[in-house]
Every structure is written in C-alpha cells, then in structure tokens.
Protein chains: 2
Amino acid sequence: MRAEALKGHLDGLLLAALEERPRHGYAVKEALRDTTEGRIDLPTGTIYPALHRLERAGLIAGSWSVVGGRRRRSYELTAAGRTALSRERTGWQEFAIAITAALGTRPWPATS
Amino acid sequence: MRAEALKGHLDGLLLAALEERPRHGYAVKEALRDTTEGRIDLPTGTIYPALHRLERAGLIAGSWSVVGGRRRRSYELTAAGRTALSRERTGWQEFAIAITAALGTRPWPATS
DNA sequence: CCCTATAGGTAGCAACGCAACCTATAGGAG
DNA sequence: CTCCTATAGGTTGCGTTGCTACCTATAGGG
C-alpha cells in the first residue's frame, strides 16, 4: 500500500481498534494487522504520534499501568471518540462511493 | 469531504477522467464532478498542479490548442499512464478492502 | 459596463504518515 | 553468561500533497 494512501483515514482505524475494548498502542498495531489479515501493518512511528494526537483531541483517554515489568499506556474511547468513530465510518462510506465512481470501477467486491 | 482524505488518490481520479478521451484541465474538473454527482468538485488549485505533476511523470501528454479564442491544454493518457491507471484501480480495491475491514463496517454497499 | 462562466496558472501553508533512530524489559537459544 | 527477539514506549525531521488565496484573460449575457 502506497504511503500517502492512508492520509486522513488513520484516525478512524485507531478509533475502531479501540471500540471493542481498551488497548495499549502495541496492541492497537496488532489488532489492525489481525483484522486486515496483514494488509495494514503500521510502523510504531505512525501509531504512537497518532494516538497522542487523538488523546490531545479528547477522542481517547490514556492511563499508565505496569504489566510483567513493562509499562503500558492503555487507551479507551471517550464519548467524543465514539461520536468521531461514527462520523469516520459514514465519512468513509461516502468517500469510498465517490472514489469508486470516479475510478469507474465496479462497486466492489465486483461480484459478477 | 475532509481535505486530507483525498491524499494519494487524486492521481488515479485524474487518470480515470482522461481514460475515455483526452480532456483539458477544466473539463477534467467537470468530468469528476459529473461522474461523482458533485461529491468530488476539486478547486483548480488542486487540478492544475496535479496535471503538471502527472505530465512530468510521463503519465499524461499535454498539447496546446485554441478554441473559441481561449487557449486550452489538452491531456491524453500515455501508455505508462494506462498502466498506472490500472495499478491505481487495483490499489484502490485493496485499500478499500483493508480500510473497510479495519473500520469493521459491512462490506458495502451494505446490500442486506 | 459589469458579471459570470470558462480557461489557465502560481505561491505558500498546514497536515500527515513514515523512516530512522533511541531506550528498556522478559525470555529463550546458544 | 551472552545474545537475540518480541514486546512496549517514544522522538525528530523529511517529503509529499492538496488546498487556500490570489492572479490573468476571453466570450457572452444582463
């Protein structure tokens, strides 16, 4: 996947990874890798700054803990975060429809 | 549509708009607006620099003409441009599948 | 005479994701 | 005992990109 393709869509992915339950940064990385069958495997230099950004924006709330001698920062969605996630989802749907139309491809997954 | 969402996907849209037949910049803008029912209506400050970029990259070839007293620069896809368009299309499919999976939304267009 | 649509363009900015790099612990391999 | 890997956190700086704001020019209608 080309590098720039993700721009503007990363926040939604991170919020979605935190929807089910709180996770620490590394677990978010793994969750994204697993749910996308390895298609989205983000470097930590992408994950951590993005989580800081989301926390500053009040969409997620972080807390430190220590598990097995390693310090962890767990994040959970705030109310604003859930609202934002929902907005990201509808935004993605509209975006995907528009790009698909402009590219002139079948609506996907091209069953036929 | 949020500004950053388009990053990395614009080139494919422009190439697709030129696939059927050559168009000048303004016509590309209109073509995108029409095929997406107004969802993608790009400012000229986005269109023209992007076309220059694609021309520098050898994906499109431009030529000047004068129609009705107005000068026009028409662009057509090069062979490399057609290859690139095909790459953009498969890239988009994979990207859309990955993001949709990560967001945990229905495969879309959610027929059911 | 002015305004709008058409047609081209440029300069500079802000945001973003990434590469590259750094620290530290637990546990297994040798 | 030592080294390597996986886990877990982080930062700095860069390149790319699309957009805003602005500029020029013509044709045609009010």
Side-chain angles (χ1 to χ4, degrees), chain A residues 1-15 17 22-34 39-57 59-60 62-75 88 91 95 98-99 102, chain B residues 1-15 17 22-34 39-57 59-60 62-75 88 91 95 98-99 102:
Chain A
M1 190 176 321
R2 251 187 12 278
E4 279 76 22
L6 203 57
K7 295 227 175 180
H9 306 284
L10 176 61
D11 292 8
L13 305 189
L14 298 178
L15 294 174
R23 283 190 161 96
H24 58 278
Y26 202 79
V28 167
K29 174 183 157 72
E30 290 177 314
L32 283 177
R33 176 160 42 72
D34 293 348
R39 276 185 274 257
I40 297 183
D41 191 4
L42 302 173
T44 64
T46 294
I47 295 269
Y48 292 119
L51 287 173
H52 298 335
R53 209 192 320 136
L54 290 176
E55 191 176 21
R56 271 200 312 275
L59 304 183
I60 61 178
S63 57
W64 285 107
S65 60
V66 176
V67 178
R70 290 195 203 89
R71 61 184 193 136
R72 281 185 182 168
R73 185 150 183 88
S74 277
Y75 295 98
E88 293 281 346
F95 176 75
I99 301 296
Chain B
M1 189 175 321
R2 248 184 17 275
E4 280 77 22
L6 203 57
K7 295 225 175 182
H9 305 284
L10 176 62
D11 292 6
L13 305 189
L14 299 178
L15 294 175
R23 283 191 161 95
H24 57 279
Y26 202 80
V28 167
K29 174 183 157 73
E30 290 177 314
L32 283 177
R33 177 160 40 72
D34 293 348
R39 277 185 274 257
I40 297 183
D41 192 3
L42 302 174
T44 66
T46 293
I47 296 270
Y48 292 119
L51 287 173
H52 298 335
R53 209 193 321 135
L54 291 176
E55 191 176 22
R56 269 200 314 275
L59 303 183
I60 61 178
S63 57
W64 285 106
S65 61
V66 176
V67 177
R70 289 195 203 89
R71 61 184 193 133
R72 281 183 180 170
R73 185 149 182 88
S74 276
Y75 295 98
E88 292 281 345
F95 177 75
I99 301 297

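By convention in this document, chain letters (A, B, ...) are assigned in the order of the sequence lines, proteins followed by strands, and residues within each chain are numbered from 1.
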Worksheet item: What nucleotide among C:dG8, D:dG10, C:dA19 has an atom nearest to a side-chain atom of A:R73?
Response: D:dG10
Worksheet item: Between A:R23 and A:A17, what is the shortest heavy-atom contact and its length?
Response: NH1-O, 2.8 Å
Worksheet item: Between A:R71 and D:dT7, is there a side-chain N or O to OP1/OP2 distance below 4.0 Å?
Response: no
Practice prompt. Nearest whole angstrom, please: distance from the P of D:dA8 to the CZ of A:R70.
Written response: 6 Å
Worksheet item: Between B:T46 and A:D11, which is nearer to the 5' end of DNA chain C once each is assigned its nearest nucleotide?
Response: B:T46
Item to complete: Would you mind reading off the distance between B:L54 atom CG and D:dT16 atom P, rounded to a whole angstrom?
Response: 15 Å
Worksheet entry | C:dG8 base / B:T44 side chain donor-acceptor hit below 3.5 Å | no
Worksheet item: Taking atom C1' of D:dA8 as reference, at what distance in whole Å does atom NZ of A:K29 sit?
Response: 11 Å
Fill in: Phosphate contact (C:dG8 OP1 or OP2) by B:Y48 side-chain N/O below 4.0 Å
yes
Response to the item:
note: B:I47, atom CD1; D:dC22, atom C1'; distance rounded to Å ~ 18 Å
Worksheet entry | A:I47 to A:G25 - nearest heavy-atom pair and separation | CG2-O, 3.9 Å
Practice prompt. Provide the closest heavy-atom pair for A:Y48 versus A:Y26 in the form atom of the first, atom of the second, distance.
Written response: OH-N, 3.9 Å
Item to complete: Return the nearest nucleotide to the side chain of B:H52; candidates are C:dG17, D:dT11, C:dG9.
Response: C:dG9
Practice prompt. Write down the atom of B:G8, the atom of B:E88, and the distance for their closest heavy-atom approach.
Written response: O-OE1, 4.4 Å
Discussion item. The side chain of A:K7 is closest to which nucleotide in this list: D:dA8, D:dT17, D:dT16?
Written reply: D:dT16
Practice prompt. Identify whether any heavy atom of A:G68 sits under 4.0 Å from a base atom; if not, whether one sits that close to sugar-phosphate; answer base, sugar-phosphate or nothing.
Written response: sugar-phosphate
Worksheet item: Rounded to whole angstroms, how far apart are CZ on B:R72 and P on C:dG8?
Response: 7 Å
Worksheet item: What residue among A:L14, A:D11, A:L59, A:I60 forms side-chain contact (heavy atoms from CB on, under 4.5 Å) with A:R53?
Response: A:D11
Item to complete: Using heavy atoms to find the nearest nucleotide of DNA chain C for A:G69 and A:L42 separately, return the residue whose nucleotide is more 5′.
Response: A:L42
Fill in: OP1 or OP2 of C:dT6 under 4.0 Å from side-chain N/O of B:H24
no
Worksheet, complete the sentence: Rounded to whole Å, CD of A:E30 lies from C1' of D:dT5 at a distance of 14 Å
Fill in: Spacing between B:L6 atom CG and D:dT20 atom C1', to the nearest angstrom
15 Å
Item to complete: Please report, rounded to the nearest Å, how far the P atom of C:dG8 is from the CH2 atom of B:W64.
Response: 7 Å
